[in-house]
Amino acid sequence: MQNKSKALWAKGDKQGAVKALVKAIEQAPLQLDNYLELAAYLNALKDTDQAEKLLHSALVRFPDNQDLLYSLGTTYYAAGNYPQALAQFQQITATRLENDKLYMLASTYYAQQDYAHALAFALTAQQNEPQRSDVNLLVGDLFLALGDFGHAETYYVQVLTQETDSAAANFKVGLARLAQGTANEAYFEKAKQLDAAYFEREKHRLSDIERYLKAQQK
């Protein structure tokens, strides 16, 4: 049934994929992966309330299951319920989920603008997996938020060494270089070519950096 739901999701029949998984859970309530996949789909559809209910019901069947606890944490995070998200992630003890936990703890503190706590978790995650692009981007974002533009650039460039066609990494290298007064136009141009919609969504950040620089000059 999982293959069927994945095929439906890939085709764009997202409601069909959800219904297929609901049916699969009714038919085989002890198949854990179906709960996890359905929760992921519901979160992707921004139906975090249903995802939360589903995961709580699954935890009754599978108490303290680490994958369910992690999924519930990501559900709370997606819903913007950051205190609950932190509480869930802090219950994760499985070694295989350690770096995902660190990344999500960092992301959750970042969302609350607690950059110091976020950076501590993000740097630990980065040391554990130095080639992980999402972690490097997050560390860069945190240094950018803290006004440490040189370190921000270092971590963004690390992403570019692995993913030269990352619109986000190109754009953010441009931001860090703009903040330092170094050549940046080529990075913004590349980001725009790679993903014009992303560039349009994010270009307000250029003005944010320029305002920051003017404030520093006063």
Side-chain angles (χ1 to χ4, degrees), residues 9-10 12 14 40-48 73-82 85-86 100 102-123 125-126 129-218:
W9 187 270
K14 296 180 177 181
Y41 287 173
L42 290 169
N43 283 329
L45 294 168
K46 302 192 186 309
D47 194 349
T48 52
T74 61
T75 298
Y76 284 131
Y77 176 83
N81 187 343
Y82 302 125
L86 289 174
D100 290 325
L102 290 170
Y103 173 78
M104 288 308 303
L105 283 168
S107 298
T108 306
Y109 280 117
Y110 179 38
Q112 297 177 98
Q113 299 183 344
D114 185 347
Y115 303 133
H117 272 107
L119 188 60
F121 286 113
L123 284 172
Q126 199 278 337
E129 289 186 271
Q131 302 304 312
R132 187 167 154 178
S133 295
D134 57 349
V135 173
N136 282 313
L137 273 176
L138 180 57
V139 175
D141 289 346
L142 286 162
F143 276 122
L144 194 75
L146 289 164
D148 187 342
F149 305 118
H151 275 107
E153 182 182 357
T154 297
Y155 286 96
Y156 293 145
V157 168
Q158 176 70 14
V159 179
L160 280 184
T161 62
Q162 303 157 252
E163 300 177 21
T164 55
D165 287 343
S166 165
N170 275 284
F171 182 84
K172 289 175 177 184
V173 171
L175 281 182
R177 291 180 68 85
L178 173 65
Q180 295 173 89
T182 51
N184 52 71
E185 280 299 323
Y187 293 98
F188 291 128
E189 197 56 43
K190 181 80 179 285
K192 193 173 184 179
Q193 288 171 6
L194 289 166
D195 191 337
Y198 172 85
F199 182 84
E200 285 301 311
R201 281 197 312 275
E202 297 294 321
K203 70 178 183 181
H204 68 277
R205 299 184 67 184
L206 278 70
S207 302
D208 294 342
I209 294 288
E210 287 164 354
R211 277 195 296 273
Y212 171 84
L213 293 173
K214 284 179 183 174
Q216 296 300 106
Q217 291 167 1
K218 289 180 181 176

Pairing residues for Tyr156 by the side-chain hydrogen bond (donor to acceptor under 3.5 Å, both in side chains) criterion, not counting sequence neighbours: Asp141
side-chain hydrogen bond (donor to acceptor under 3.5 Å, both in side chains) against Ser107, all qualifying residues, sequence neighbours excluded: none
Polar side-chain atom of Arg177 near backbone of Thr182 as donor-acceptor pair, under 3.5 Å: no
From Gln180 atom CD to Leu175 atom CG, the distance as rounded to the nearest 0.5 Å: 11.0 Å
Output field: ring centroids Tyr110/Tyr115 closer than 6.0 Å: yes
Euclidean distance, His204 NE2 relative to Glu202 CD, rounded to 0.5 Å: 5.5 Å
Side chain to side chain contact (heavy atoms under 4.5 Å, CB included) evaluation trace for Leu86 with Gln112: CA-CA 11 Å; Leu86 289 174; Gln112 297 177 98; 3.5 Å; yes
is_close_aromatic(Phe171, Tyr187), centroid dist under 6.0 Å: no
Euclidean distance, Leu119 CG relative to Gln126 CD, rounded to 0.5 Å: 10.5 Å
Minimum-distance pair of heavy atoms, taken over all atoms of Ser133 and Gln162: OG-NE2, 3.7 Å
Closest non-hydrogen atom pair between Leu138 and Ala106, with its separation: CD2-CB, 3.6 Å
For Ala85 against Thr108, the heavy-atom pair lying closest together: CB-CG2, 4.2 Å
Leu42 side, atom CG; Thr75 side, atom OG1 - distance, nearest 0.5 Å: 8.5 Å
CG on Leu194 to CD on Glu189, rounded to 0.5 Å: 10.5 Å
Intermediate values then yes/no, side chain to side chain contact (heavy atoms under 4.5 Å, CB included), Lys172 and Arg205: CA-CA 10 Å; Lys172 289 175 177 184; Arg205 299 184 67 184; 3.8 Å; yes
Candidate pair Tyr77 and Asn43, rule side chain to side chain contact (heavy atoms under 4.5 Å, CB included), full reasoning: CA-CA 10 Å; Tyr77 176 83; Asn43 283 329; over 6 Å; no
Distance (rounded to the nearest 0.5 Å) between Glu153 CD and Gln158 CD: 13.0 Å
Donor-acceptor pair, side chain of Asn170 and main chain of Asp165, under 3.5 angstrom: no
Test item: Leu137 and Tyr155 side chains (from C-beta on) under 4.5 Å apart, heavy atoms: no
Pair Val135-Glu129, side chain to side chain contact (heavy atoms under 4.5 Å, CB included): steps then yes or no: CA-CA 8 Å; Val135 173; Glu129 289 186 271; 5.7 Å; no
Exercise: identify the closest heavy-atom pair between Tyr109 and Phe121: CE1-CE1, 3.4 Å
Closest contact, heavy atoms only, Ala79 versus Thr48: CB-OG1, 3.6 Å
Heavy-atom closest pair, residues Asn184 and Leu178: ND2-CA, 3.4 Å
